[in-house]
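As structure tokens, the structure follows; a few thoughts come after it.
The model shown is predicted, which means the values in this text are computed figures rather than measured ones.
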Amino acid sequence: MQMEAAKTIYWGEASIVASNLILAATEEGLCYVQFHEGESNERGQTELFKWGQRHCPAYTWVKDGVALQPYVHQIEEYLKGLRTVFALPLDLRGTEFQQGVWRVLNEIPHGQTHSYTQVAEGLDKSSAVRAVGTAIGANPVLIVVPCHRVIGKNGTLTGYRGGLANKEKLLQLERAGL
């Protein structure tokens, strides 16, 4: 009987271009990015560990900024306006429907926005707008899977797990870089 190799999630925090982020990656790729604000990062860590308990319960957690450096580097390039497309492996954990929504999000070009309806239509499920919104809200890899590019049909900024101020900041960055 062969023993299964231990699985590891590497996690850490990074301050990049006035943004405080908490990140995690497995051997397969980046699996979690979230903004965290303020002096205390306890809330960000709590959210990360709750996510991990749900999606990676058998993994060992290791705080390791070195393992995360390739991901931090590309996010930093993006936040500095030097990168418009990410070229890094992802390890996205979600349902088949969520995965489909996240694939559609990755097709939204840098500097452009789509409505929730347009994302639903991209899945050929135009009646699933609310389900699309829920799947977008479950996106574990903010910034890299560009859920910030989804806005209300009337052009208004709507919910963003990273906070509307960060959503607006990312959209302004992308518009400035066009």
message = Is there a side-chain contact (heavy atoms from CB on, under 4.5 Å) between Leu88 and Leu30? Walk through the geometry before answering.
response = CA-CA 8 Å; Leu88 45 83; Leu30 186 67; 4.2 Å; yes
ask   = Between Glu47 and Tyr32, does a side-chain contact (heavy atoms from CB on, under 4.5 Å) hold up when you go through it step by step?
value = CA-CA 10 Å; Glu47 289 176 17; Tyr32 189 89; 3.7 Å; yes
inquiry  = Checking Phe35 against Leu21 for the side-chain contact (heavy atoms from CB on, under 4.5 Å) test, could you report, in this order, the C-alpha distance in whole Å, the side-chain angles of both residues, the deciding distance, and whether it holds?
reply    = CA-CA 4 Å; Phe35 288 94; Leu21 302 172; 3.6 Å; yes
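The OG1 atom of Thr60 sits 9.5 Å away from atom OH of Tyr10, with the distance rounded to the nearest 0.5 Å. We find the CH2-CD1 distance between Trp102 and Ile136 to be 11.0 Å, quoted to the nearest 0.5 Å. To the nearest 0.5 Å, the span separating CG on Leu123 from CD on Gln118 amounts to 12.5 Å. Atom CG of Leu90 sits about 9.5 Å away from atom SG of Cys31, to the nearest 0.5 Å. Between atom NZ of residue Lys153 and atom OG1 of residue Thr117 there is a gap of 4.0 Å, rounded to the nearest 0.5 Å. The distance from the CG atom of Leu171 to the NE2 atom of His148 is 5.5 Å, given to the nearest 0.5 Å.
Using a 4.5 Å heavy-atom cutoff, the side chains of Val144 and Ile75 are in contact. Contact check for Asn106 versus Phe86: no side-chain heavy atoms found under the 4.5 Å cut-off. Counting heavy atoms from C-beta on, the side chains of Lys167 and Leu170 never come closer than 4.5 Å. In this structure the side chain of His110 never reaches within 4.5 angstrom of the side chain of Leu173, judged on heavy atoms.
The shortest heavy-atom contact between Leu164 and Thr158 is CD2-O, 3.1 Å. Smallest separation of non-hydrogen atoms from Arg161 and Val141: NH2-N, 4.3 Å. Counting all heavy atoms, side chain and backbone alike, Tyr59 lies closest to Trp61 at O-CD1, 3.7 Å. Nearest heavy-atom pair across Asn166 and Gly162 is ND2-O, 2.7 Å. Between Leu68 and Trp11, the closest heavy-atom pair is CD1-C, 3.3 Å. When all heavy atoms of Pro89 and Glu28 are compared, the closest pair comes out as CB-O, 3.4 Å.
Inspection of the Gln45 and Glu13 side chains reveals an N or O donor paired with an N or O acceptor under 3.5 Å. If you check the side chains of His73 and Glu77, you find a donor sitting under 3.5 Å from an acceptor.
Judged purely by atom type and a 3.5 angstrom limit, Gln99 uses its side chain to pair as donor or acceptor with the backbone of Leu92. No donor-acceptor pair closer than 3.5 Å links the side chain of Gln74 to the backbone N or O of Tyr71. Listed for the Asn139 side chain is a donor-acceptor partner under 3.5 Å among the backbone atoms of Val145.
Within a 6.0 Å radius of NZ in Lys169, other residues, nucleotides and ligands contribute more than 12 heavy atoms.
The side chain to side chain contact (heavy atoms under 4.5 Å, CB included) check on Glu168 picks up Leu157, Gln172, with sequence neighbours excluded.
Taking a cutoff of 4.0 Å between a charged side-chain nitrogen and a carboxylate oxygen, Arg83 and Glu76 do not qualify as a salt bridge.
Under the side-chain contact (heavy atoms from CB on, under 4.5 Å) rule, Val150 has a single partner from Val101, Leu105, Thr113, which is Leu105.
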Just list the side-chain donor-acceptor pairs under 3.5 Å for residues 49-57, sequence neighbours left out, or say none.
none

Throw together a table of side-chain donor-acceptor distances under 3.5 angstrom for residues 126-133, partners on residues two or more places apart or in other chains.
none

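A cation-pi contact, defined as under 6.0 Å to the ring centre and within 45° of the axis, is absent between Arg149 and Tyr160.
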